[in-house]
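Only this structure's heavy atoms are used, side chains among them; waters, hydrogens and symmetry mates stay out. Position 1 is the first residue of the sequence; numbering continues from there. It should be emphasised that the depicted structure is a prediction, and the values quoted were computed from it without experimental measurement.
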Amino acid sequence: MENLESDVFDEIDDPGAAPYGNFINYYTFNPPENRLSLIPATLLQDLGYRDSHQTTLMLDVGCNSGELSVALYKHLVQKPQSVKDTLSDGTLHLLGFDLDDNLIQRAQQSNPLPQNISFIPLDITKDTASQSHLEDYLKRHGCSHFHVCFCLAVTMWVHLNHGDSALLEFLSRLASVSQHLLLEAQPWKCYRSAARRLRKLGLSKFDHFKTLEIRGDMAEHAREHLERRCGMELLQSFGSTAWDRKLLLFKRK
């Protein structure tokens with residue numbers, strides 16, 4: 001699987017030039033269907049969130065150019081397929097953010113449901129700014145937490161660029177604003193592939209890679225931190241993606 005993933009990346013136009021995971025063509029090699037096939041369309045109902053009078057907020061962390069955010073919304077809104085492209089749900093809202101301004105601009109320009117889906121540029125590793133933006137969004141909708149937070153293939157980039165403590169702080173921050181957290185943590189073999197791609201392209205290496213102490217089963221490390229330090233518990237596993245990444249659903253205790 002590692003060789004397959006590395007080969008896929010290497011065949012795409014300069015994907016390694018995205019050391020923060022902000023690939024300009026991400027969904028051409030990892031389309032939304034890879035995740036949606038594992039996430040039940042009834043997820044919000046199953047979690048008790050689809051009362052027609054209840055505002056439900058979703059957060060997509062590291063949303064890239066927004067294709068998965070929009071696909072998730074349509075997948076979970078629970079309307080007949082024939083009207084999903086034209087109708088939105090007035091009580092269901094999704095906020096997607098990414099640190100790449102250009103990707104966010106693309107997401108905003110192609111957003112088919114601007115009444116319900118919003119995209120903003122945001123670097124969640126910067127405490128004050130990111131927290132205030134998220135809190136403002138919650139206040140506008142009269143909520144104290146996001147009902148479901150999606151963090152899909154983001155943890156590695158925070159870890160490689162900012163180190164062990166930043167990874168744990170990142171997970172803690174997501175847990176603090178979420179009732180439920182759907183997490184896809186890249187396995188350790190992806191770290192090695194990412195470092196190798198940078199070396200092949202002659203770019204600056206990840207400064208923290210060789211000194212990271214959190215290694216091995218990254219999904220298990222994330223679970224331990226969320227359960228022991230963040231007041232969350234593992235609710236369900238939706239299996240693994242085609243790239244052998246677990247989709248784990250956590251809930252606030």
Say you draw a straight line from CZ of F206 to CZ of R199; how long is it, rounded to the nearest 0.5 Å? 10.5 Å

Just to verify, what does T42 make a side chain to side chain donor-acceptor pair (under 3.5 Å) with, not counting sequence neighbours? D46

Residue pairs involving residues 131-142 (criterion salt bridge (Lys or Arg N to Asp or Glu O under 4.0 Å); sequence neighbours excluded): none

Using a distance-only test with no angle check, is there a side-chain donor-acceptor pair under 3.5 angstrom linking S65 and E67? yes

Trace of the side-chain contact (heavy atoms from CB on, under 4.5 Å) decision for L248 with F238: CA-CA 6 Å; L248 302 177; F238 292 124; over 6 Å; no

How far apart are the C-alpha atoms of L152 and T241, what are their side-chain angles, what is the distance that settles it, and do they pass the side-chain contact (heavy atoms from CB on, under 4.5 Å) test? CA-CA 11 Å; L152 307 176; T241 68; over 6 Å; no

For a quick test of reading the model, state the closest non-hydrogen atom pair linking C149 to V61 and the distance between them. SG-CG2, 3.7 Å

Do you know the tightest heavy-atom contact between N30 and N34? OD1-ND2, 2.7 Å

Is the backbone N or O of C63 less than 3.5 Å from a side-chain atom of D60, with the two atoms forming a donor-acceptor pair by type? no

Could you tell me the separation between the CG atom of L95 and the CG atom of L134, rounded to the nearest 0.5 Å? 6.5 Å

My understanding is that only residues two or more places apart in sequence, or in another chain, count here; which of them pass ring pair (Phe, Tyr, Trp, His ring centres under 6.0 Å) with H162? none

So with a 6.0 Å cut-off around OH of Y27, is the heavy-atom count from everything else above 12? yes

Side-chain touch Y137/F97, heavy atoms, less than 4.5 angstrom: no

Pair listing, side chain to side chain donor-acceptor pair (under 3.5 Å) test, anchored in residues 141-152, at least two apart: none

Give every residue pair that meets the side chain to side chain donor-acceptor pair (under 3.5 Å) criterion with at least one member in residues 95-106, sequence neighbours excluded. N22-D100

Please check: side-chain N/O of N116 versus main-chain N/O of H93, any donor-acceptor pairing under 3.5 Å? no

side-chain contact (heavy atoms from CB on, under 4.5 Å) for S193 and K189? Distances and angles first, verdict last. CA-CA 6 Å; S193 295; K189 62 188 177 183; 5.6 Å; no

Test item: H133 side-chain N/O and I124 main-chain N/O as donor-acceptor pair under 3.5 Å: no

Which distance, rounded to the nearest 0.5 Å, do you find between the CG of L113 and the CG of L92? 10.0 Å

Could you check whether any side-chain heavy atom of P112 comes within less than 4.5 Å of a side-chain heavy atom of V70, counting everything from C-beta outward? yes

Could you tell me the separation between the OG atom of S69 and the CG atom of N111, rounded to the nearest 0.5 Å? 9.0 Å

Measuring from L167:CG to H208:NE2, what's the distance to the nearest 0.5 Å? 11.5 Å

Set of residues satisfying side-chain contact (heavy atoms from CB on, under 4.5 Å) with respect to E33, sequence neighbours excluded: P31

For E184, what residues pass the side chain to side chain donor-acceptor pair (under 3.5 Å) criterion, not counting sequence neighbours? R35, R245

Going by ring pair (Phe, Tyr, Trp, His ring centres under 6.0 Å), name the residues that satisfy it together with F150, two or more places apart in sequence or in a different chain. none

Single-linkage hydrophobic cluster, 4.5 Å side-chain cutoff, L99 and L68 together: no

Is any side-chain heavy atom of M58 closer than 4.5 Å to one of F146? no

Is any side-chain heavy atom of L44 less than 4.5 Å from a side-chain heavy atom of V77? no

Decide yes or no for L247 and S237: does some side-chain heavy atom of the first lie under 4.5 Å from some side-chain heavy atom of the second? no

Can you measure from CG (L171) to CG (L183) and round to the nearest 0.5 angstrom? 6.5 Å

If I compare all heavy atoms of C143 with all of T55, which pair ends up nearest, and what's the gap? SG-CG2, 4.2 Å

Those residues at least two apart in sequence (or on a different chain) that pass side-chain contact (heavy atoms from CB on, under 4.5 Å) with E227 are R223, E233, L234

Is there any ring pair (Phe, Tyr, Trp, His ring centres under 6.0 Å) pair reaching into residues 170-199, and which pairs are they, with sequence neighbours excluded? Y49-H180, H159-Y191, W188-Y191, W188-F209

Student check: side-chain heavy atoms of V148 and L47 closer than 4.5 Å: yes

Would you check if the side chain of H221 reaches a backbone N or O of R215 as a donor-acceptor pair within less than 3.5 Å? yes

Heavy-atom donor-acceptor pair, S178 side chain to A175 backbone, under 3.5 Å: no

Working note: N64 + I24, criterion side-chain contact (heavy atoms from CB on, under 4.5 Å); need CA distance, chi angles, decisive distance, verdict. CA-CA 8 Å; N64 198 271; I24 60 172; over 6 Å; no

Between Y26 and L103, is there shared hydrophobic-cluster membership here, with clusters defined by ILVMFWY side-chain heavy atoms closer than 4.5 Å? no

Residue list, side chain to side chain donor-acceptor pair (under 3.5 Å) with R173, at least two apart or on another chain: D127

List in chain and number order the residues that pass side chain to side chain donor-acceptor pair (under 3.5 Å) with H225, two or more places apart in sequence or in another chain; answer none if no residue qualifies. S172

Shared hydrophobic cluster, L160 / Y20 (ILVMFWY, side-chain heavy atoms < 4.5 Å): no

Do Q186 and T155 meet the criterion of a side-chain donor-acceptor pair at a distance under 3.5 Å? yes

Which heavy atom of L76 sits nearest a heavy atom of P40, and at what distance? CD2-O, 3.6 Å

Ring centroid separation for W157 and F23, is it under 6.0 angstrom? yes

Compare all side-chain heavy atoms of K246 with those of S240 and state whether any distance is below 4.5 angstrom. yes

